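Predicted, not measured: the structure shown is a model, and the values here were computed from it.
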Amino acid sequence: MKGTWLRICGFMGGLLFLLAGCGERKADAAMDAYEQLLSGDLSLLNEGDLSAWALDSWMDILLASGELEYACLDLDGDGVDELLLQRIGDPGSYNGVFHYDGGQIRCWQSDGMEASCRDYPLRDGTMVRQYDFNGTRSYTLFRYRPDGSQETAASLFAREERIPEDSPEPCPYYRVNGEEVGAADFQTQFDSLITQQLLEPSAWTCAQH
């Protein structure tokens, strides 16, 4: 019985070693693919994504001009980093997320049009989608799933100005996860969930090719 148990343990240890090796190879392949993309080579981009997100024109306008910065972070919890791109210090002007899978790069997000809405990462891989409109601010915290879909983790909303001035909406007004809260409680939770968790500026590197 003891010998059987030892064989099982040995088999499991070998399997875990092989899985770790596969994970490392996929992570290395992902970084090589991202470097290729950052160099201006679009050949690994999924053809459907290339067309749907108009990535060929995006590359010419943004990456070639050296206006982007990038960071690598595991957003979907699979142990392999995604590539995040944004206009330097200004995700409202452009933000994008790219995922490596099966020898291809998939585009999960590419937004250079809606300046009032922007996505940006937190240190643990959670993303924040911030939307500013008519005196309001809304924040949706979400995680990417491995298939590129999104799972909401938290939401915050603040109205601190009436636009138009005769709007009947309550102001100031704050919500966290759908529940009305006071200004102090909103600020505390905002700082805890977002401000204190922002990815450090040093994590971003200027993208040039």
Determine whether L156 and S138 satisfy the following criterion, side chain to side chain contact (heavy atoms under 4.5 Å, CB included), listing intermediate values before the conclusion.
CA-CA 6 Å; L156 300 92; S138 64; over 6 Å; no
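- Residues Q197 and S192 bring no donor and acceptor atom of their side chains to less than 3.5 Å of each other.
- Placement of L198 and L193 within a single hydrophobic cluster is found when ILVMFWY residues are connected by side-chain heavy-atom separations under 4.5 Å, directly or transitively.
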Audit row: D49, R106, salt bridge (Lys or Arg N to Asp or Glu O under 4.0 Å) steps and yes/no:
CA-CA 7 Å; D49 292 347; R106 299 302 308 265; 2.7 Å; yes
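- Two residues are said to be in side-chain contact when any heavy atoms from C-beta on lie closer than 4.5 Å; N95 and Y120 fail this criterion.
- Using a 4.0 Å cut-off between charged side-chain N and carboxylate O, R145 and D76 make no salt bridge.
- Of the inter-residue distances, the one linking D191 atom CG with Q187 atom CD reads 4.5 Å to the nearest 0.5 angstrom.
- In this structure the side chain of R159 never reaches within 4.5 angstrom of the side chain of P172, judged on heavy atoms.
- Separation of atoms OG1 (T205) and CG (L68) is listed at 12.5 Å; rounding is to 0.5 Å.
- Within the 3.5 Å criterion, the main-chain N or O of I105 finds no donor-acceptor partner in the side chain of N46.
- Using a 4.5 Å heavy-atom cutoff, the side chains of S43 and Q36 are in contact.
- Atoms CZ and OG, from R175 and S155 in turn, are 7.5 Å apart once rounded to the nearest 0.5 Å.
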Mind running side chain to side chain contact (heavy atoms under 4.5 Å, CB included) on L55 and F98 for me, showing each step along the way?
CA-CA 11 Å; L55 293 174; F98 298 86; 4.1 Å; yes
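- Note that the CD atom of E35 and the OH atom of Y70 stand 7.0 Å from one another [nearest 0.5 Å].
- Put simply, the side chain of Q104 does not reach to within 4.5 Å of the side chain of E47, judged on heavy atoms.
- In this structure, the side chains of V176 and D185 stay at 4.5 Å or more apart for every pair of heavy atoms.
- In terms of heavy atoms, R137 sits closest to F186 at NH2-CE2, 4.0 Å.
- Rounding to the nearest 0.5 Å places CG of D111 at 12.0 Å from CD of Q86.
- Here the side chains of F133 and C117 are not in contact, with every heavy-atom distance at 4.5 Å or above.
- Taking the side chain as every heavy atom from C-beta outward, L141 and T152 never approach each other to under 4.5 Å.
- Using modelled atom types and a 3.5 Å distance limit, the side chains of Y174 and E160 yield a donor-acceptor pair.
- The minimum heavy-atom distance linking C206 with I88 is given by the pair SG-CD1, 4.0 Å.
- Of the charged side-chain nitrogens involved, none lies within less than 4.0 Å of a carboxylate oxygen, so that E69 and R87 do not count as a salt-bridged pair.
- With respect to the salt-bridge test (charged N to carboxylate O, under 4.0 angstrom), the residues D119 and R129 qualify.
- Side chain of T188 to main chain of A184: a donor-acceptor pair is present (N/O by atom type, distance under 3.5 Å, no hydrogens or angles).
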Check step by step if side chain to side chain contact (heavy atoms under 4.5 Å, CB included) holds for F190 and Y139.
CA-CA 9 Å; F190 177 80; Y139 305 85; 3.4 Å; yes
Step by step, work out the salt bridge (Lys or Arg N to Asp or Glu O under 4.0 Å) result for D132 and R118.
CA-CA 9 Å; D132 303 332; R118 52 201 176 274; 3.0 Å; yes
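- Sparse packing is recorded around CD of E179, with 12 or fewer heavy atoms of other residues, nucleotides or ligands lying under 6.0 Å away.
- Here the straight-line distance linking atom CE of M31 with atom CG of L38 works out to 8.5 Å at 0.5 Å rounding.
- For the pair E169 and R162, the salt-bridge criterion is not met [side-chain N within less than 4.0 Å of a carboxylate O].
- When all heavy atoms of T126 and R143 are compared, the closest pair comes out as OG1-CD, 3.2 Å.
- Under the 4.5 Å side-chain criterion, counting only non-hydrogen atoms from C-beta, L37 is in contact with L45.
- Grouping Ile, Leu, Val, Met, Phe, Trp and Tyr residues whose side-chain heavy atoms lie under 4.5 Å apart, directly or via other members, places W108 in a hydrophobic cluster with L73, L75, L84, V97, M127, F142, Y144, L199, W204.
- The nearest pair of heavy atoms linking L44 to G103 is CD2-O, 3.5 Å.
- The backbone N or O of Y100 lies less than 3.5 Å from a partner atom in the side chain of Y34, making a donor-acceptor pair.
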Criterion side chain to side chain contact (heavy atoms under 4.5 Å, CB included) on T136 and F157, from CA distance to verdict
CA-CA 7 Å; T136 68; F157 175 85; 3.8 Å; yes
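- Between A154 and N177, the shortest heavy-atom distance links the atoms CA-OD1, 3.2 Å.
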